[in-house]
J.: 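Take a look at the following structure, please.
Numbers restart at 1 for each chain; the letters A, B, ... are given by sequence-line order, proteins then strands.
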Number of protein chains: 2
Amino acid sequence: MKDAAPLFAALGDATRLGLLVALCSSGPLTVTRLSSKFAVSRQALTKHLDVLSDAGLVRSSRQGRERIWELEPRRLGDAHVYLERLSRQWDEALDRLKTYLES
Amino acid sequence: MKDAAPLFAALGDATRLGLLVALCSSGPLTVTRLSSKFAVSRQALTKHLDVLSDAGLVRSSRQGRERIWELEPRRLGDAHVYLERLSRQWDEALDRLKTYLES
DNA sequence: TTCATGGGCAACCTCCAGGTTACATGTTGG
DNA sequence: CCAACATGTAACCTGGAGGTTGCCCATGAA
């Protein structure tokens, strides 16, 4: 469960969420292409993409002199599992609270 | 959607996740009680609880000389909505990718 | 070959998260 | 009233996140 923290941390930045959304809507893109949609520099975006990559949310591959960034499908399932587990735990806590209040 | 970033950021710390889990399993607790389960100081935990509180994930109330911390149920739903929305967006991206690969 | 372009690399800056220690405040029980 | 205990407050430290600029390297096109 502790593995979830870096994943959430990667999601906990507006710019990185924006990158994910951009890759969702526009498909695989180049850093330079992406940087035209954001206010920060290309290098800053590269750092953010590295963070997302370390979290396994994104993947990159070289094609000629370009580097293509895309969403990492397999990791998305893992993230979903974490999210489901956490919310289920919360639901159980709510159930316990409800039971407690009704007793 | 940009509102989701602070929420994920609040979740993006192992200690804070631990606090949430502890409050899930043990119910409402005092900072001092909680601090017996963690390696860090009481003041550090207070800061983490403040972060969780700012994110709306946790709520506190004074009872005499003690302050009781508990999960905030209403905000949990909001978090779930964000998570669902994000994963749905991802699923749609996967569908588009799948469609693209099959075409 | 040459040059324009995409990207990596490195140095640097600033700010704040996360942690500590020390001390002040408030409340409860005897 | 006073001692003990839970908490609030403040000052401080350190590392790293997030950003910038400048420069170098590789590659593709003319």
Side-chain angles (χ1 to χ4, degrees), chain A residues 1-23 26-72, chain B residues 1-23 26-72:
Chain A
M1 188 64 202
K2 297 301 176 83
D3 308 333
L7 192 50
F8 287 131
L11 296 173
D13 181 278
T15 302
R16 284 195 290 271
L17 281 182
L19 282 172
L20 292 179
V21 171
L23 289 178
S26 304
L29 277 182
T30 277
V31 197
T32 310
R33 285 290 187 107
L34 282 167
S35 70
S36 69
K37 304 185 177 186
F38 293 83
V40 298
S41 67
R42 169 181 59 87
Q43 289 85 339
L45 285 189
T46 299
K47 290 186 183 181
H48 281 302
L49 287 168
D50 286 338
V51 172
L52 289 173
S53 178
D54 286 343
L57 290 169
V58 114
R59 188 166 44 112
S60 72
S61 60
R62 296 292 301 250
Q63 285 190 16
R65 70 177 158 181
E66 295 185 338
R67 174 172 295 275
I68 309 295
W69 294 89
E70 59 185 339
L71 294 179
E72 174 60 70
Chain B
M1 189 64 200
K2 297 300 176 84
D3 308 334
L7 193 51
F8 287 131
L11 295 173
D13 180 278
T15 302
R16 284 197 288 271
L17 280 182
L19 281 173
L20 291 179
V21 170
L23 288 178
S26 303
L29 276 183
T30 277
V31 196
T32 312
R33 284 291 187 106
L34 283 166
S35 70
S36 69
K37 303 184 177 186
F38 293 83
V40 299
S41 68
R42 169 183 59 87
Q43 287 86 337
L45 285 189
T46 299
K47 290 187 182 180
H48 281 302
L49 286 169
D50 287 338
V51 172
L52 290 172
S53 178
D54 287 344
L57 290 168
V58 113
R59 186 166 45 112
S60 71
S61 60
R62 297 291 301 252
Q63 285 190 15
R65 70 177 159 183
E66 295 183 336
R67 176 172 295 272
I68 309 295
W69 294 89
E70 59 185 339
L71 295 178
E72 176 60 69

J.: So which protein nitrogen or oxygen atoms get under 3.5 Å of nucleotides 24-30 of chain D's nitrogens or oxygens?
T.:
from   : atom 1 : to      : atom 2 : distance (Å)
D/dT27 : O2     : A/Arg65 : NH1    : 3.1

J.: Take B/Leu11 and A/Leu11, measure what side-chain contact (heavy atoms from CB on, under 4.5 Å) needs, and give me the verdict at the end.
T.: CA-CA 9 Å; B/Leu11 295 173; A/Leu11 296 173; over 6 Å; no
J.: Can you tell me how far CG of A/Leu17 sits from CZ of B/Phe8, rounded to the nearest 0.5 angstrom?
T.: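 If I round to the nearest 0.5 Å, the distance is 6.5 Å.
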J.: With rounding to the nearest 0.5 angstrom, report the NZ to CG distance, A/Lys47 to A/Leu49.
T.: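 The NZ atom of A/Lys47 sits 13.0 Å away from the CG atom of A/Leu49.
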J.: Within the 4.5 Å heavy-atom criterion, are A/Leu29 and A/Ile68 side-chain neighbours or not?
T.: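 No; the side chains remain at least 4.5 Å from each other.
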J.: At under 4.0 Å between heavy atoms, which parts of nucleotides 9-20 of chain D does protein reach? Answer with one letter per nucleotide, 5' to 3': B base, S sugar-phosphate only, - none.
T.: B--------SBB
J.: Should B/Lys37 and B/Ser26 count as side-chain neighbours, where that means a heavy-atom distance under 4.5 Å?
T.: yes
J.: If we only count heavy atoms from C-beta on, is the B/Leu23 to B/Leu34 side-chain gap below 4.5 Å?
T.: yes
J.: Starting at CG of B/Leu49 and ending at P of C/dG18, how long is that distance when rounded to a whole Å?
T.: 13 Å
J.: Nearest-Å distance, CG (B/Asp50) to P (C/dG18)?
T.: 12 Å
J.: If you round to the nearest 0.5 Å, how far is NE2 of B/His48 from CZ of B/Phe38?
T.: 9.0 Å
J.: Rounding to an integer number of Å, can you tell me how far B/Arg67 CZ sits from C/dT27 P?
T.: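 Distance check: B/Arg67 CZ to C/dT27 P gives 12 Å.
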J.: Mind checking the OG-CZ spacing from B/Ser61 to B/Arg67? Nearest 0.5 Å is all I need.
T.: 7.5 Å
